[in-house]
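Quick note on labels: first sequence line is chain A, next is B, and so on, each numbered from 1. Keep in mind it's a predicted model, so treat the numbers as computed, not measured. What you see below is based on every heavy atom in this structure, not just the backbone, and it leaves out hydrogens, waters and symmetry mates.
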Number of protein chains: 2
Amino acid sequence: MDRPRKPTLDTVAGAVGVSRATVSNAYNRPDQLSAALRERILETAASMGYAGPDPVARSLATRHSAAVGFMLGQGLSASFADAALSIVLDGLASTVDGHDHCLVLMPGRDRGGPRPETVTRAQADVVVAYSLPDDAPALTAVRARGLPMVVIDQPVLPNTARVEVDDFGGARLAASSLWGMGHRRFGVVTFALHPDGHNGPVTPERLASTSFRVTRDRLHGYLDVTGTDTPVWECARSSRELGRAGARSLLSSTPRPTALLCASDELAFGALQAVRDLGLRVPADVSIIGFDDVPAAEHADPPLTTVRQPLAEKGRHAGELALRLLDGGRPGEPTRLPVSLVSRDSTASPK
Amino acid sequence: MDRPRKPTLDTVAGAVGVSRATVSNAYNRPDQLSAALRERILETAASMGYAGPDPVARSLATRHSAAVGFMLGQGLSASFADAALSIVLDGLASTVDGHDHCLVLMPGRDRGGPRPETVTRAQADVVVAYSLPDDAPALTAVRARGLPMVVIDQPVLPNTARVEVDDFGGARLAASSLWGMGHRRFGVVTFALHPDGHNGPVTPERLASTSFRVTRDRLHGYLDVTGTDTPVWECARSSRELGRAGARSLLSSTPRPTALLCASDELAFGALQAVRDLGLRVPADVSIIGFDDVPAAEHADPPLTTVRQPLAEKGRHAGELALRLLDGGRPGEPTRLPVSLVSRDSTASPK
DNA sequence: TTGTATGCGTTATCAA
DNA sequence: TTGATAACGCATACAA
């Protein structure tokens, strides 16, 4: 009743009448043996139901698993609305897959990233950390294993490869454009300052101790031009729904802001909806500006003015960095990808 | 200049003055040695920078890699635009992570699923296939490796574990509800019938040879009620934008349909937008109905009437099934999760 | 062009 | 409670 044991290199070697090494070469170094022999080996291997060298055994022998780990701050469903993550991940996955590497997912459990045990047990040669809080335990676990790491966006770690964008500059760009149009009363809708699930107005104390660099930089970029007394609403996640609620709250204050600066497009989409909810119009009554330039921004109603960052490029570059680290490359200086303002129809001069 | 070799079980065993087996037990079978010794081992291990047993070596010895592979039909960016995938994936990831298993991503390259080589080299004990076309090469690769597999939704494979919903029944439910309200002129917006990237009206020939079971069932469920002469528009992917374009086309025919049946919520969101584009109103001028009941459906403008399927549950169940297969369980009969109609404000009787 | 020998870092069986 | 020892399935210098 016990099924036949799976064939191994040895099995097929025996069947063909050659040594194990030769069969191994047939798969990994075709130039090391005659085409005829190779053909014969592959054929009988197939007929025996041998699907090629076992990946795990190969990994042990070569001492690399041909996999890159991907750690993210939240669960997958929390990020379902966040197109930015999807695009980055897609860029990363393509790059990695193109070099015959797998992507091992390590989603965040609590809000602070993956469990340390998950990291400890994952078979990966290198890890890409996506937008983790400064003190994520998973980071310590990666260090403990001595795995090379590249971080996307945050946190800022000494001597660690990183790819990021100029969040401060981008935010400043957005705010300046609004200021230049004549806006003087602003509201800011931001995503999390801390991984504690808070939704609501931001107090100065909370602002002073953010544990997300990206949030910090974008916020400071905005406030740098609008003034530190600008009301800020914090959303626990970057979601349309939370953005809608935040914007609604901001817009119900008197005097009403004439422009809303949003830390992400997703939040801005919510803000767009909030303006509609209140019977107002964009940009006639309220200007809305986003950050990221996800594909939907162009098709929003009205098309969203936003700060463009090269998302796919970010993922691709992180992948290349990771692969280079595997090749013994040094972390080097962080790569800073360019941002730019994309002016569409959600902003205009105030009446 | 060569860095010191990483410590192994042997290294710490030597340092503590015990055998390799004992150190192994310290990590895997705490009850097999005295607490004191264990403590001492763990301590010196930490001081030597040993982060625990190497995952790859462990996998070779135990003969399972503690990872489940996840194959999907498209690239990540295309798929993640669809909240349904994210939610399913989240359910799967939680389940799997809760049992100390990793998730290895195998995104589709071409439209037919992951590359076979990707599957061949992936370290996973079991694979879950998400909504692949009937003839995906990746499926053959999984078979060749003799890996157990559970498929979500499609394709239907003999003797293979599967979790699905009653797509035909759900679609019928939706159409019947509209019919009951008095609608007689319908349009259908569907996602891909074939993995060939086609966008446009569906001919009877194309309809007759769909390679996606889910599409087939939902479509037939709709047409079963509305009649086979109902115009159908096919979108290459389930995206808001494509749905918008399709709906716009359908709505510009004369006489205009009074109701649009969409194969997914994402397509329905696009349809909602299309109605607005044309200066019409939902549901006064056109009724819209979706499928899935993603979270955004409830917050759409207006809130979307749709067919609810338990997405997270689908992912969780697939995860449990996969884990059970690993435990030597038999595939068993496919699990069919229930669907139900959620009536909200995007449907009403025609004027 | 092919074969031999050894190492990769564990787990697991069995004996002490 | 602890320690030898044999798998696990493969890659790779090196020798033939």
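The backbone N or O of E164(B) sits nowhere less than 3.5 Å from a side-chain atom of R336(B) that would complete a donor-acceptor pair. One N or O on the side chain of R38(A) and one on the backbone of A26(A) form a donor-acceptor pair closer than 3.5 Å. Without hydrogens or angle criteria, R145(B) side chain to V119(B) main chain gives a donor-acceptor distance under 3.5 Å. In this structure, R316(A) contributes its side chain and T95(A) its backbone to no donor-acceptor pair below 3.5 Å.
Contact check on R63(B) versus D54(A) returns no salt bridge, with no Lys/Arg side-chain nitrogen under 4.0 Å from an Asp/Glu carboxylate oxygen.
At the heavy-atom level, V56(A) lies nowhere under 4.0 Å from the strands shown.
Counting 5' to 3', DNA chain C first comes under 4.0 angstrom of a heavy atom of chain A and last does so at the ends given by dT1(C) to dG9(C).
For the side-chain contact (heavy atoms from CB on, under 4.5 Å) test with L147(B), the passing option among V142(B), V126(B), D125(B) is V142(B); the others fail.
Residues from residues 33-46 of chain A lying near DNA chain D, meaning a heavy-atom separation below 4.0 Å, are absent.
If you take CG on L321(A) and OG1 on T160(A), they are separated by 11.0 Å, rounding to the nearest 0.5 Å.
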Checklist entry - Where along nucleotides 8-16 of chain D does protein come under 4.0 Å, by heavy atom, of base (B) or sugar-phosphate alone (S), with - for untouched nucleotides? => result BBBBB----

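Side-chain atoms of Q123(A) and S59(B) include a donor-acceptor pair closer than 3.5 Å. A donor-acceptor contact under 3.5 angstrom links the side chains of D97(A) and T118(B), judged on distance only. T44(A) and S47(A) form no side-chain donor-acceptor contact under 3.5 Å, judged by distance and modelled atom types alone.
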